[in-house]
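When a ligand or atom number is given, it counts from 1 through the structure's own listing order.
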Amino acid sequence: MRGGIGDACRVAGRDPEDLTLIVVTKFHPASLVAALAELGVRDVGENRHQEAQAKARELASLDLRWHFVGQLQSKKARQVAGYAHAIHSIDRDAVIAPLDRLAAEEGSRPPIDAFMQINLTDDPARGGVAPDGIEPLAERMLASPALRLRGVMAVAPLEEEPASAFARLAGYSERVRAIAPDADAISAGMTHDYAEAIAAGATHLRIGSAITGKRPDPR
Ligand SMILES: *Cc1c(COP(=O)(O)O)cnc(C)c1O
């Protein structure tokens, strides 16, 4: 995997040091996450709250950063904040409000790294804010004491070339940076499209099956 990332960086003229590799371990047991940690993995991604919470609890003694990458339910947001170092799926006010309440209650809690998920499809059922909602959501995230706005996140649509989808995402990232200049991170790139994501400026790759092998069926 490192080799493939290195090749894609060379082609794109980018430094692999500028990339964070998040290994997405969804549906795999905690024992696999522990084995990855042994190999030096520090950033792991999960997309379902209950599964993520259980693994984070079981592996609390390991020095892991948990990235929540799945669709977030507003009533679960508070609990996700209990273990997540980063949430990649902030897409509406309803998931921010409970985090703000939590931050107000626990005055000293450090802000969570937050990525604005943007929907690159026309299907509103997919996660992510529609592009016309980017500016207001950026303002909302910037104003939230619970969050540290890091940048944007997206999943490439199945029915489109990833390069063109990620080019749009790079444009959306510029719009966010016009409001929040420090929010320069781009969470994009999975097993089948990480090279295109790197070429388009991704800073956080979310890679599952290329590293973990085929996922077991979800339980
Ligand atoms: C599962 C998942 C990934 C990793 O997918 P692979 O194709 O296995 O690399 C990345 N991002 C999100 C949001 C996911 O749900």
Side-chain angles (χ1 to χ4, degrees), residues 1-9 16 19-30 32-33 35-36 39 41-56 64-73 76-77 80 83-92 95 112-121 123-130 150-163 165-166 168-169 172-173 185-219:
M1 192 66 230
R2 293 269 172 208
I5 293 172
D7 289 345
C9 283
L19 299 183
T20 300
L21 172 59
I22 300 161
V23 183
V24 179
T25 50
K26 65 189 183 203
F27 312 165
H28 286 286
L32 178 125
V33 184
L36 288 166
L39 296 170
V41 169
R42 281 292 158 268
D43 292 276
V44 293
E46 290 284 336
N47 74 337
R48 293 182 180 192
H49 161 61
Q50 270 174 332
E51 181 184 340
Q53 184 182 50
K55 286 182 204 170
L64 291 169
R65 284 190 294 260
W66 295 87
H67 295 254
F68 190 80
V69 303
Q71 285 197 32
L72 187 56
Q73 289 175 265
K76 298 285 163 60
V80 171
Y83 56 84
H85 167 86
I87 299 178
H88 292 240
S89 46
I90 302 287
D91 60 0
R92 61 199 192 281
V95 297
I112 300 175
D113 278 4
F115 293 77
M116 178 194 300
Q117 183 175 355
I118 300 172
N119 189 348
L120 299 180
T121 75
D123 176 0
R126 301 282 193 92
V129 65
R150 294 295 315 276
V152 296
M153 177 275 207
V155 177
L158 288 174
E159 58 283 357
E160 184 182 350
E161 282 297 323
F166 291 143
R168 281 208 308 290
L169 181 61
Y172 300 148
S173 166
I186 300 180
S187 168
M190 306 174 26
T191 290
H192 296 295
D193 57 23
Y194 70 87
E196 290 89 345
I198 289 170
T203 59
H204 290 65
L205 308 175
R206 308 180 312 268
I207 299 187
S209 45
I211 294 173
T212 63
K214 192 176 174 306
R215 268 189 284 281
D217 289 331
R219 267 167 288 179

Which protein N or O atoms sit under 3.5 Å from any N or O of ligand 1? Give atom names and distances.
{"unit_1": "ligand 1", "atom_1": "8 (O)", "unit_2": "Ser209", "atom_2": "N", "d": "2.8"}
{"unit_1": "ligand 1", "atom_1": "8 (O)", "unit_2": "Ser209", "atom_2": "OG", "d": "3.0"}
{"unit_1": "ligand 1", "atom_1": "8 (O)", "unit_2": "Arg215", "atom_2": "NH1", "d": "2.8"}
{"unit_1": "ligand 1", "atom_1": "8 (O)", "unit_2": "Arg215", "atom_2": "NH2", "d": "3.3"}
{"unit_1": "ligand 1", "atom_1": "9 (O)", "unit_2": "Thr191", "atom_2": "N", "d": "2.9"}
{"unit_1": "ligand 1", "atom_1": "9 (O)", "unit_2": "Thr191", "atom_2": "OG1", "d": "2.5"}
{"unit_1": "ligand 1", "atom_1": "9 (O)", "unit_2": "Gly208", "atom_2": "N", "d": "2.8"}
{"unit_1": "ligand 1", "atom_1": "11 (N)", "unit_2": "Arg206", "atom_2": "NE", "d": "2.9"}
{"unit_1": "ligand 1", "atom_1": "15 (O)", "unit_2": "Lys26", "atom_2": "NZ", "d": "2.7"}

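Tested against Thr25 for a side chain to side chain donor-acceptor pair (under 3.5 Å), the candidates Arg215, Glu51, Glu46 yield a single pass: Glu46.
No donor-acceptor pair closer than 3.5 Å links the side chain of Gln117 to the backbone N or O of Met153. In terms of modelled atom types and a separation under 3.5 Å, the side chain of Asp91 and the main chain of Gly128 share a donor-acceptor contact.
Checking Asp123 against Thr121 by side-chain atom types alone, no donor-acceptor pair falls below 3.5 Å. Side-chain contact of His88 with His67: a donor-acceptor pair under 3.5 Å is present, judged by distance alone.
Between His49 and Tyr83, the ring planes are parallel. Angles under 30° get that label, and only those over 60° would be called perpendicular.
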